Amino acid sequence: MKLPVSTHDLADRIFRSHRYFWIKLVRAAITSFLILVLSFFMIHSSGNPAQIFLGGEATPEMVAAFNVRWGLDRPLQIQFLSYLQQVAKGDLGNSLLRGEPVIDIFFTHLPATLSLMIPCALISITLGIALGFVAAMKKQTTIDHLMMIGSTIGYSLPNFFFGVLLIFIFSIVLGWLPSSGNETLAHYIMPVLTIVTADIAIFTRFSRSSFIDVYEHPYINNFKALGVSERRILLQEALPNASIALLSISGFYVGSLISGAIVTETIFSWPGIGSLLVSSMKARDFPLVQGLTLILGFSIVGVNLLVDILHGIIDPRIRKGGK
Amino acid sequence: MDVQMTLPDEKILSVQNLCVTFQQKGKDIEAVRDVSFDLYEGEIFGIIGETGSGKSVTCKAITRLLPDNANISGSILYRDNDLLKETKRSIASYRGSEIATISQDPIGSLNPIKTIFHHLKQALLRTRSDERDYRSRSEHLLQEVHIPSPRTRMDDYPFQFSGGMAQRVQIAMAMSTHPKILIADEPTTALDVTLQKKILKEMKLLCLKKNVAMIFISHDVSLVGQLCERVAVMYHSSIVEMGNVDDILTFPLHPYTAALLAAVPKIGKKETVAAISGDSLAGDVTVEGCDFAPRCPYAKEVCHKEKPPEISVGQRIVRCHFPLFDGVKSAQPAFMNTRAIDADNVLMKASYVKVDFPILKTGGIRDTFTAVNEVSFALRKGEIFGIVGESGCGKSTLAKALVGLNTPSYGMIEAFGQTLHTSGFSYPEYTKKVQYVFQDPLGALDPRMTILDQVAEPLVIHSVCDAKEALLKADQMLTECGLQSSLFHRKPYNLSGGQRQRSLVARALIIEPEILICDEPVSAMDVSVQAQIMNLIKDLAHKRNMSVIFISHDLSVIFNMCDTVAVMYKGSFVERSDVDTLFFNAKHPYTQQLIDSIQSFSSSEIRVKADESHSVHACAFYERCPKRKSICAQKSPKLITCGVSHEVACFYS
Ligand SMILES: Nc1ncnc2c1ncn2[C@@H]1O[C@H](COP(=O)(O)OP(=O)(O)OP(=O)(O)O)[C@@H](O)[C@H]1O
Ligand code: SF4
Ligand code: SF4
Ligand SMILES: [Mg+2]
């Protein structure tokens, strides 16, 4: 007869069997907290916000009024606690310049960024993996060498240079494409091209080496020796294994997309989060900068957590606590 | 049945003038040179030879499983079709269904992120049978290779299987497709002696029954002798002798074959085995004369200048200027080693070490499986301590616990004044003194680094010396471990199994540890390299007064290597004593079976274990024990002293 399990035991078991996931969750929580702390202190680290915002000729009265208005006169820990409270309620404060809630501003700019980033991500990931696979299969041949040269050029071209070059050729010299805004489909061509050239190159290189790695494993040969078709080996054995490595880079990549947006959006005056961040920094609109930092930070943590969880699901060695 | 068939069986495969060269960085490596042999229906043809002699490459060439940088020439006729002329697509149709392969590296041959069932299903899909019930067919396949509780185990992943079990899965996969030819590349190196024989016997039976021909690659000369009808001996990419197995083993004509036979470890004689002197040539070295000349005791001037001709003597072929028609020169006297173990100086002490693993039973119930059960021992300075037992008995788990890779759930491991797995324990400090060599050489090496860098690495990590000096030392160490300098800059995948294992030994020995833990360090090697590595470890143990824990499933290896030995069964030590006592006076029925099974190939039939239902308190060996009585089903015997330094766990010993 087994004794009924106590709740404490149960909790212990759940923790043990899902140890990996719990660890990842706790890490994500700690990182999120650090981001909160960092974003809070960002305002304070850059000197006196009132002085910065109001400029050099502000009178002490103006500064005092400013501080009262934004609660900057209270002790630091109280400020932090009320900041946490606000964030918990989903209130990231109001923009200094526009007076609107930061959250609302963020959401009005989000669609523009997503409409650019999602297609870019899809194109770079799928095309990059496909090209990487081809290069891996043709490893050490002329095709492979050409592809590697191409990708080296692709990813060593800085986005700002390539973007400006495109504008110069297609907007200024040829006059075919609009150079700023996001109104029509034609507006998308150059920004997408700018982002995608670098990113495909990165993915091609990375997936090439993951595929080469996987295909060198003896189990691939073992399935070949059984007469299992190449296609089946790719889909059933190689791809799942390669995807473990590819998943990690995809996580990084989605994170870097956000920062990548800053450059591209600025060049093409794209009304997205990237431009918003730049303009708010220029204007020293610190609640907006703070809010955006927080959201972007959280979303990167979220993406990484998602990647870790998927990782655990794909790889039984992690899930089942193997080596 | 005893009547020999007068007509020769039909030739099923004919390999003619096979040459394989690898192109690597502009250099050509000749891995197989002018190899010709025939395979007849239903026969078992053996290939023996040192590591790197080209055995695996020859076999991979048959089904064209070599990487793209391999250049293959010659012809391989399978039922009159030249396999080398087939297109890439059509060669795939031969694989599995006509010619199946079982490869060397058991764990690596299974996809780490797929279940065992997935593997078997992929194999079964190739059979084009109407039977759709893959699960029950897989269960049946696993049963055939004696995997216990196959129904639940097939949902496990390869990392949950021991090396031996993984190899059995591979055998099941290969058998499932009903091939005409089975190429078995060292299929049982990872298995324990008793199981090895059982499996090989079954493989032999299957070959007889279904008229399947087998090419059996092994470095175990005695296995080849027992299993095969004809054998080819390979040395440095070519066949130096070929013929009937009994003739070759009793009356070798080629000096290399003679040396190979002399290097087989013999039971009961505790002596340094006669390693073949000198190194075999590296793959990319070509010599003008006979390849064996630099090591051959019979070499004359002509041997260094001219390639020896192929001489046929009846059914036999030998490639030598001076075949040994007059028999072998008497072997040099073996160097006897006697040395004192410092009885009072205990370096490592394990007390009641127990290691549990969580397992998932059917219905999602979690349970634990005890892989190592309250094992205790003391390792003294200078002692070579052997642990022997069949695959899955917990040897590797224990070894991993000793180096801190597994955490015991109970018990204590103390060494050098530290207690493992406690707070204050300094791992870097510990690894400087305790090094290990593990079973799976591929898994232990970084596929992206050259072996020279990998051997130098520990020196840099432990900041023993700077990188430049480390490389120099690594160079020396690799040479000492019998690797040629031309291999130093290769990556692990481009080395043969034995070469990889030597690199691992070099990496472990380079920081001059006080304790070396070896888990099956020689099981992937052929006898002559086995002898070299064993002698190397022994020599170093003597010279540096180093202690060694040596784990193996091969009792003959243990007898040759060790001073003291423990026999492990299902997680516990069942007998422990010094080597001589164990050999001449084994008390435990299991030990006796092990010793019997090395001495004769087919004796001691082992009772098949079927029920797992009797009391959990029974003696672990109950199911297989010929001496069991009713008390054994109720109580489990503890290790008790039965003589001077002799302990045994059995009620009726
Ligand atoms: N892909 C490769 N590229 C270059 N050289 C290779 C490659 N594969 C094998 N070799 C070389 O070919 C030679 C023969 O190797 P092979 O694997 O056939 O040895 P083996 O006789 O099977 O040895 P073992 O008993 O250790 O398995 C070795 O020198 C090895 O280093
Ligand atoms: S040819 Fe000469 S060197 Fe070669 S094996 Fe024969 S005797 Fe020895
Ligand atoms: S205790 Fe009994 S079952 Fe166990 S080994 Fe001894 S005789 Fe056999
Ligand atoms: Mg081999």
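Note on naming: letters A, B, ... go to the chains in the order of the sequence lines (proteins, then strands), and numbering restarts at 1 for each one. Keep in mind that this is a model prediction, so the values were computed, not measured. Note that these values count all heavy atoms, side chains included, but never hydrogens, waters or copies made by symmetry.
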Exercise for the section: Please indicate whether A:F252 has more than 12 foreign heavy atoms, meaning atoms of other residues, nucleotides or ligands, lying under 6.0 Å from its CZ. Expected result: no
Exercise for the section: Supply the atom-to-atom distance A:S243 OG to B:I113 CD1, rounded to the nearest 0.5 angstrom. Expected result: 6.0 Å
Handout entry: Proximity breakdown for A:Y215 and chain B, heavy-atom pairs closer than 4.5 Å
Key = neither
Handout entry: Heavy-atom pair with the smallest gap, counting every atom of B:S109 and A:N222
Key = O-ND2, 2.9 Å
Problem - Contacting region of B:T177 [heavy-atom separation from chain A under 4.5 Å] - result: side chain
Handout entry: Closest heavy-atom pair and its distance - A:P316, B:P112
Key = CG-O, 3.8 Å
Problem - Residue selection (most heavy-atom pairs with chain B, distance under 4.5 Å) from A:V228, A:N241, A:I244 - result: A:N241
Exercise for the section: Check whether any side-chain heavy atom of A:Y219 lies under 4.5 Å from a side-chain heavy atom of B:H119, and answer yes or no. Expected result: no
Exercise for the section: Would you check if there is a donor-acceptor pair between the side chains of B:H118 and A:E237 at a distance under 3.5 Å? Expected result: yes
Exercise for the section: Decide yes or no on side chain to side chain contact (heavy atoms under 4.5 Å, CB included) for B:L125 and A:R232, but give the supporting numbers first. Expected result: CA-CA 11 Å; B:L125 281 172; A:R232 224 194 163 81; 2.9 Å; yes
Problem - Greater than 12 external heavy atoms within 6.0 Å of A:F161's CZ - result: no
Practice task
Side chain from CB out, backbone as N, CA, C, O: work out which of these in B:Q170 comes under 4.5 Å of a heavy atom of chain A, or both, or neither.
Solution key: side chain
Handout entry: Gap separating the CG atom of A:N221 from the NZ atom of B:K60, nearest 0.5 angstrom
Key = 6.0 Å
Exercise for the section: Report yes if some heavy atom in the side chain of B:M173 is under 4.5 Å from a heavy atom in the side chain of A:F223; otherwise report no. Expected result: yes
Exercise for the section: Taking the side chain as every heavy atom from C-beta outward, state whether B:R448 and A:D213 have any pair of such atoms under 4.5 Å apart. Expected result: yes
Exercise for the section: Keeping the roles fixed (side chain from B:K114, backbone from A:Q236), state whether a donor-acceptor pair exists under 3.5 Å. Expected result: yes
Handout entry: Flag side-chain contact, heavy atom, 4.5 Å: A:L226 against B:R95
Key = no
Practice task
Find the one option among B:R89, B:R126, B:K88 whose heavy-atom pairs under 4.5 Å with chain A are most numerous.
Solution key: B:R126
Problem - Rounded distance [0.5 Å steps], NZ in A:K138 versus CG in B:D68 - result: 9.5 Å
